[in-house]
Amino acid sequence: MKITLQSAAAVLLLGLMTACQTQNDTVPAQETTPVTSSTYAERPESASPPGTLTNAREAAATFSALEEDVLRYVNQARSAPCQCGTQTYPAAPALQLNTLLNTASQKHATDMATYNYFSHTGRDGSLPWDRMRREGYIWRRAAENIAAGYTTARAVVDGWLKSPGHCANIMNANLKDLGVGYAYTSTSRYRYYWVNDFGTR
């Protein structure tokens, strides 16, 4: 009975809510199929965080139009309830761009494009959480979405929203900050590489 009521509520909410992705924007034809991957972690409450590092880049930064586009599309999705696979998420507060996460995201996107690989694990064995800490972002919650092969910010965010795991990271109200990474190279398999690092300190 509980499952039936939840299913009915989800259907009703889905009928009432604004779609969290655009319907008329489509992913352009690609030479290779775009790919995506997501991951999430929380630090146990009992674990004491390492000493907080400060970074002058956090105080003020100018972000590229591309970074602003990704932020805008992600926050548009968070501004209304969103169906991620079988789970409905309520609207969530807007994310803020964070320069430390931007740096971690950009370095990983550039590395994947330069060395022609696609993984949350860097060539040095680092995981997203390691790369965030390396830049001075001492997280309590963290997540990463990566994608390759999408040619525009709109297309990559829509691609993430159509995938339950990526969509869940985007709609997670416990995540407050966002970093955006993008790199292109004509010599790599997917050419276009994207990284979104999410975090809460």
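When a residue number appears, it is its place in the shown sequence, counting from 1.
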Query raised in the report: Just by distance, with hydrogens left out, do Gln83 and Thr88 show a side-chain donor and acceptor under 3.5 Å apart?
Result: yes
Query raised in the report: Is there less than 2.5 Å between the SG of Cys167 and that of Cys84?
Result: yes
Query raised in the report: Any ion pair linking Arg154 and Asp158 (charged N to carboxylate O, less than 4.0 Å)?
Result: yes
Query raised in the report: Do you see a donor-acceptor pair shorter than 3.5 Å between the side chains of Glu67 and Asn102?
Result: yes
Requested in this report: Report yes or no: is the cationic atom of Arg123 (NZ for Lys, CZ for Arg) closer than 6.0 Å to the six-membered ring centre of Tyr115, at no more than 45° off its axis?
Outcome: yes
Requested in this report: Considering non-hydrogen atoms only, spot the tightest contact between Ala142 and Trp129 and give its length.
Outcome: O-CZ3, 3.4 Å
Requested in this report: Indicate whether the side chain of Asp177 and that of Tyr137 have a donor and an acceptor atom separated by less than 3.5 Å.
Outcome: yes
Query raised in the report: Under the side chain to side chain contact (heavy atoms under 4.5 Å, CB included) criterion, do Asn75 and Leu95 qualify, and how do the steps go?
Result: CA-CA 6 Å; Asn75 281 335; Leu95 295 169; 3.7 Å; yes
Query raised in the report: Is there a side-chain contact between Thr200 and Trp139, using heavy atoms and a 4.5 Å cut-off?
Result: no
Query raised in the report: Does a side-chain heavy-atom distance below 4.5 Å link His108 with Glu144?
Result: yes
Query raised in the report: Under 3.5 Å, is there a donor-acceptor pair between the side chain of Gln96 and the main chain of Lys176?
Result: no
Query - Euclidean distance, Glu68 CD relative to Leu97 CG, rounded to 0.5 Å - result: 5.5 Å
**Report entry** side chain to side chain donor-acceptor pair (under 3.5 Å) between Tyr117 and Asp111, intermediate numbers included
**Finding:** CA-CA 8 Å; Tyr117 72 98; Asp111 199 62; 2.6 Å; yes
Query - Evaluation steps, side chain to side chain contact (heavy atoms under 4.5 Å, CB included), between Tyr73 and Ile170 - result: CA-CA 10 Å; Tyr73 298 141; Ile170 289 173; over 6 Å; no
Requested in this report: Hey, could you give me the CG/OG1 distance between Asp130 and Thr121, rounded to the nearest 0.5 Å?
Outcome: 9.0 Å
Query raised in the report: Got Arg201 and Leu100 here, is their nearest side-chain heavy-atom distance under 4.5 Å?
Result: yes
Query raised in the report: In Å and rounded to the nearest 0.5 Å, what is the CG to CZ distance from Leu71 to Arg78?
Result: 10.0 Å
Requested in this report: Flag the pair Val156 / Tyr192 as yes when at least one side-chain heavy-atom distance between them is below 4.5 Å, and no otherwise.
Outcome: no
Query raised in the report: Any idea which heavy atoms bring Leu175 and Ala143 closest together, and the distance?
Result: CD1-CB, 4.0 Å
Query raised in the report: Is the backbone N or O of Tyr150 less than 3.5 Å from a side-chain atom of Trp194, with the two atoms forming a donor-acceptor pair by type?
Result: yes
Report task. Report the C-alpha separation of Leu101 and Met132 in whole Å, then their side-chain angles, then the decisive distance to 0.1 Å, and conclude whether the side chain to side chain contact (heavy atoms under 4.5 Å, CB included) test is met. Result -> CA-CA 6 Å; Leu101 292 181; Met132 292 176 192; 3.7 Å; yes
Query raised in the report: Which atoms form the tightest heavy-atom contact between Ala183 and Ala113, and what is the distance?
Result: CB-CB, 3.8 Å
Query raised in the report: Any side-chain donor-acceptor pair under 3.5 Å between Ser126 and Arg131?
Result: yes
**Report entry** Heavy-atom closest pair, residues Val70 and Ala153
**Finding:** CG2-CB, 3.7 Å
Report summary line: Nearest heavy-atom contact between Asn196 and Val74 is ND2-CG2, 3.9 Å
Query - Donor-acceptor contact present, side-chain Trp160 to main-chain Ile146, <3.5 Å - result: yes
Query raised in the report: Any donor and acceptor pair, going by atom type alone, linking the side chain of Thr185 with main-chain N or O of Arg191 inside 3.5 Å?
Result: no
Query raised in the report: side chain to side chain contact (heavy atoms under 4.5 Å, CB included) between Lys107 and Glu135: does it pass, once the steps are laid out?
Result: CA-CA 10 Å; Lys107 286 181 177 178; Glu135 297 306 323; 2.9 Å; yes
Query raised in the report: To the nearest 0.5 Å, how far apart are OH in Tyr184 and OG1 in Thr151?
Result: 10.5 Å
**Report entry** Parallel, tilted or perpendicular: rings of Phe118 and Tyr193 (30°, 60°)
**Finding:** tilted
Report task. Give the minimum heavy-atom separation between Ala109 and Gly181, together with the two atoms involved. Result -> CB-C, 3.8 Å
Requested in this report: Please confirm whether the backbone N or O of Gly179 pairs with a side-chain atom of Asp197, one donor and one acceptor, at under 3.5 Å?
Outcome: no
